[in-house]
Amino acid sequence: MALKGSQQLKKNALDRLSVCWGETTGIYFMNFGYVLLIFVIWIAIALLTVGITNLYSLKTDGILAVKLVKIIIYTVFLLIVSYIIKIPFNFGKCWYLLQNAKGNSVQASSLFTCYTSSKRFFDTIKIEVILAIKKILFGIPLIFIGLLEIFLWNIIIEKYGAVWYTVSTVFIILTACCLVAVYYIFTLRYRLVPYIYAQNPDRSSKEIIKNGEKMMYGRESYMIEIIMSMVKWFIPCILIFPSIFIIPYMMLVYSGAVNEIIENYSDFHGTIQDKPKVSSSRFKQYS
């Protein structure tokens, strides 16, 4: 069965927005508000660490350097904690959006499903940590390649001067873009994992990730096509206000593409390893 094209997915997304625009906009505001809250907490931590009354007396005796190190440590800790706290919400969001892509009406409370069960909470974190490790391990060699390029670029500039500056700089920029593209395409294989977990929360982490990779195999170009078809909508989002309408729309288009891949795979291969699905009843009981 052929997958729906971007135009059909966009039409379906517009139809669904008439039903769930309020909830999807709520997701947008919750994400935005969460980022804003983290930023405010960071500002407060930075000011308390430096000392609000000592901002102009830290330029001597290395005091400023010590304070900056503390701020960096606190910042890393804050980012890690805030990231972990939000993981279950992201999985709940995937469940909600996927159900809407299927044309089902679900309660907004399902967004917080994974917070109402300790098992779901830790399962989602475990899966996300495993995926993060896989992505980091793949990204490390790419980072080394990038650093090697910069090193060679400095050698070329020192040896040949401005003659090779433009050529080498363009080459580095193009190579960097290629490395980013390679990393992005690699991470696409894990995009279905949260959605598969939402449909099969009682499966093992290993099984969910494995089947997520299977379902996405050969569909990377399809996802890239859908994503690229929405790139132009990022420009109006700079004005912030249009994003209230555009971001929910894009989320539904993306989840529609995800649903297409999952349903298409199921049509040819059955559900995950031909075992009964536990999607609705098991996930909803925690809603």
Spacing of [atom1] belonging to [X] relative to [atom2] belonging to [Y], to within rounding of 0.5 Å:
| X | Y | atom1 | atom2 | answer |
| --- | --- | --- | --- | --- |
| Y28 | F245 | OH | CZ | 10.5 Å |
| I125 | F91 | CD1 | CZ | 9.5 Å |
| Q199 | L98 | CD | CG | 5.0 Å |
| M251 | I246 | CE | CD1 | 12.0 Å |
| I45 | I73 | CD1 | CD1 | 12.5 Å |
| I209 | S204 | CD1 | OG | 9.0 Å |

Are the side chain of [X] and the backbone N or O of [Y] linked by a donor-acceptor pair below 3.5 Å?
| X | Y | value |
| --- | --- | --- |
| K10 | S229 | yes |
| Y34 | S82 | yes |
| N31 | I27 | yes |
| E220 | G218 | yes |
| T24 | W21 | yes |
| R203 | I208 | no |
| Y115 | I85 | yes |
| N264 | E260 | no |

Is any side-chain heavy atom of [X] less than 4.5 Å from a side-chain heavy atom of [Y]?
| X | Y | result |
| --- | --- | --- |
| E23 | N100 | no |
| N12 | R16 | no |
| I244 | F29 | yes |
| L152 | E149 | no |
| Y249 | W233 | yes |
| L252 | C20 | yes |
| M216 | Y190 | no |

Item to complete: Carefully, step by step, assess L3 and R219 under the rule side-chain contact (heavy atoms from CB on, under 4.5 Å).
Response: CA-CA 10 Å; L3 300 174; R219 302 298 188 186; 3.5 Å; yes
Discussion item. Closer than 4.0 angstrom, basic N to acidic O: yes or no for D202 and R120?
Written reply: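 Salt bridge: yes.
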Worksheet entry | Residues E263, K102: salt bridge by 4.0 Å N-O rule | yes
Item to complete: List the steps, then state whether side-chain contact (heavy atoms from CB on, under 4.5 Å) holds for I227 with Y184.
Response: CA-CA 12 Å; I227 294 170; Y184 184 80; 3.0 Å; yes
Other residues, nucleotides and ligands only: do more than 12 of their heavy atoms fall within 6.0 Å of [atom1] on [X]?
| X | atom1 | answer |
| --- | --- | --- |
| F171 | CZ | no |
| K126 | NZ | no |
| F32 | CZ | no |
| F39 | CZ | no |
| F77 | CZ | no |

Can you name the closest pair of heavy atoms from [X] and [Y] and give their distance?
| X | Y | answer |
| --- | --- | --- |
| G212 | V193 | CA-CG2, 4.4 Å |
| F186 | K134 | CE2-O, 4.0 Å |
| G146 | L179 | N-CD1, 4.0 Å |
| P201 | D123 | O-OD2, 4.2 Å |
| M223 | I261 | SD-CD1, 3.5 Å |
| Q107 | Y96 | O-CD1, 4.0 Å |

Going hydrophobic residue to hydrophobic residue with side-chain gaps under 4.5 angstrom, can you get from [X] over to [Y]?
| X | Y | value |
| --- | --- | --- |
| I72 | L79 | no |
| I84 | V35 | no |
| L47 | I41 | yes |
| L142 | V180 | no |
| I130 | I140 | no |

Item to complete: Could you check I87 against V129 for side-chain contact (heavy atoms from CB on, under 4.5 Å), going step by step and ending with a plain yes or no?
Response: CA-CA 10 Å; I87 288 173; V129 168; 5.5 Å; no
Worksheet item: Should R191 and Y254 be marked as a side chain to side chain donor-acceptor pair (under 3.5 Å) after you check the CA-CA gap, both sets of side-chain angles, and the distance that decides it?
Response: CA-CA 11 Å; R191 291 295 185 91; Y254 182 84; 3.0 Å; yes
Worksheet item: Checking side chain to side chain donor-acceptor pair (under 3.5 Å) for the pair Y197/T124: CA distance, chi angles, key distance, verdict?
Response: CA-CA 8 Å; Y197 172 80; T124 55; 5.9 Å; no
